[in-house]
Structure formats: C-alpha cells, structure tokens
Visitor: 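I'd like to ask some things about the structure below.
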Amino acid sequence: MPVPIRRLFVALTLCCALVAGATACSGGEQSGTKKSTAAQAAVPAADTPSPSTSAERQKFAKSRFVANAALAAGATYQWIVKPWKAGKFKKGAKGRRTALIKAGLAGAFAYNRLKAAQKNAQGDPTLAKALAPLGAGIDALKNLPSKLRKGDENAAGSFDDIINQVKGAGQSAGAPVKNQVPSGSQLLKG
C-alpha cells in the first residue's frame with residue numbers, strides 16, 4: 001500500500017520542526033544558565049549587609065529593650081496587678097483559679113521578656129548601668145506562680161514594683177517604656 005507523498009512530506013516537516021525546536025530549547029537553556037549564574041554571582045555582593053556602627057547597635061539595643069520591657073509591663077498590669085487589686089487571688093474569691101492560671105502565664109511571659117530586656121540593655125552602656133541593680137529582683141520573679149498559689153499576696157506587689165523600677169531605669173537612660181498588652185498567642189509562646 002503506497003503512502004501518498006503529501007503525508008510523507010507532512011511527517012518529515014513535523015519531525016524536522018521537533019528536532020530543531022528541541023535543539024533550540026537546549027541551546028537557550030545553556031545560555032540562560034550562563035546568564036543566571038552571572039546574575040546570581042552579582043546578587044550576593046549587592047545583598048551583603050554592611051556592618052553597623054556602635055551608635056546603631058546602641059539605638060537598636062534601646063529599641064529592643066523598650067519593646068521587651070513594654071510587653072512585660074503590659075502583661076504584668078493586665079493579668080497580675082489588676083486581678084490582685086480586685087482581690088481575685090484571695091482564697092474563696094470567684095474566678096480565683098482562672099486568675100491564677102492567667103497570672104502564672106503572664107508571670108512566665110513577663111519574666112522571659114524582662115530577661116530579654118536585660119540582655120538588650122547590655123548593648124547600651126547607660127541602660128546597662130541603670131538596669132544593673134535590678135538583676136537580682138528580676139531573677140526573684142521566677143517563683144511568682146508558686147507564691148501566688150500559696151496565697152502570698154505580696155508577690156503580685158513585688159512583681160509590680162520590679163516592673164516600675166525597670167520602667168524608671170529605662171526612663172533615666174532615655175528609653176521610656178509604656179505598657180503594651182501582649183496578645184494571647186504572644187503570651188502562650190512566652
């Protein structure tokens with residue numbers, strides 16, 4: 001059965017087009033690869049951060065200190081000081097268990113943020129001097145949840161005192177701290 005010439009011509013043209021297209025695509029990839037390699041080599045040089053000056057490091061240290069101390073102060077006021085003043089930690093008070101759980105979470109969060117603020121303060125000499133005497137007080141806050149469970153009502157007051165001292169130290173070093181209440185997810189993350 002003879003095949004018409006027209007069909008052979010169409011088949012041969014399609015095969016040549018496919019081979020030429022595949023060759024053109026593979027050649028384009030090689031030149032594209034050379035271009036992308038050259039572009040990639042240029043990108044890291046442009047993205048390399050320059051070292052920051054000591055003044056910038058101090059500025060960032062103050063900013064981080066303010067952010068961490070503000071979160072600690074906000075959590076303390078919202079979930080420890082306010083319920084304490086309302087008498088929620090007294091034995092037999094309505095909602096005592098919930099208040100104690102929230103205060104425990106807030107205490108752990110605030111302790112974590114105060115330790116971070118203390119570390120941030122080391123980047124600024126003035127802030128480090130102002131915060132140095134408060135190190136022992138911050139470390140003493142670690143036991144707040146157990147003190148509250150035992151009925152020690154002075155524990156919440158001592159927490160409030162330390163927060164106010166940290167805020168005062170920030171103010172004297174030129175880094176004023178305002179309360180910032182953390183979100184629930186921030187509180188859970190610690």
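These figures come from a predicted structure and were not determined experimentally.
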Visitor: Do side-chain atoms of Arg96 reach the backbone of Lys88 as a donor and acceptor pair under 3.5 angstrom?
Guide: no
Visitor: For Ala121 and Leu131, which heavy atoms make the closest approach, and how far apart are they?
Guide: CB-CD2, 3.7 Å
Visitor: If a pair satisfies salt bridge (Lys or Arg N to Asp or Glu O under 4.0 Å) and one of its residues is in residues 101-110, list it, with sequence neighbours excluded.
Guide: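 For residues 101-110, and leaving out neighbouring residues, there are no salt bridge (Lys or Arg N to Asp or Glu O under 4.0 Å) pairs at all.
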Visitor: Nearest heavy-atom pair of Ala103 and Phe89: which atoms, and what distance?
Guide: CB-CZ, 3.7 Å
Visitor: Return the CD to CZ distance between Gln118 and Phe65, rounded to the nearest 0.5 Å.
Guide: 9.5 Å
Visitor: Only pairs under 3.5 Å count here: list side-chain donor-acceptor contacts from residues 68-86, not counting sequence neighbours, and write none if there are none.
Guide:
residue	atom	partner	partner atom	Å
Asn68	OD1	Arg113	NH1	2.6
Asn68	ND2	Arg64	O	3.3
Asn68	ND2	Asn120	OD1	2.6
Thr76	OG1	Ala72	O	2.8
Trp84	NE1	Glu153	O	2.9

Visitor: So, do Leu141 and Ile162 sit near enough that their side-chain heavy atoms are less than 4.5 Å apart?
Guide: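 Side chain of Leu141 against side chain of Ile162, heavy atoms only: contact under 4.5 Å found.
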Visitor: What is the minimum heavy-atom distance between Gly87 and Ala93, and which atoms define it?
Guide: O-CB, 3.5 Å
Visitor: Distance from Ile163 atom CD1 to Leu134 atom CG, nearest 0.5 Å?
Guide: 10.5 Å
Visitor: Taking only residues at least two apart or on different chains, which pairs with a member in residues 162-178 satisfy side chain to side chain donor-acceptor pair (under 3.5 Å)?
Guide: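 Only Lys167-Asn179 qualify under side chain to side chain donor-acceptor pair (under 3.5 Å).
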Visitor: Looking only at heavy atoms, what is the nearest atom pair of Phe109 and Pro182, with distance?
Guide: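 Where Phe109 meets Pro182 most closely, the heavy atoms are CE2-CG, 3.5 Å.
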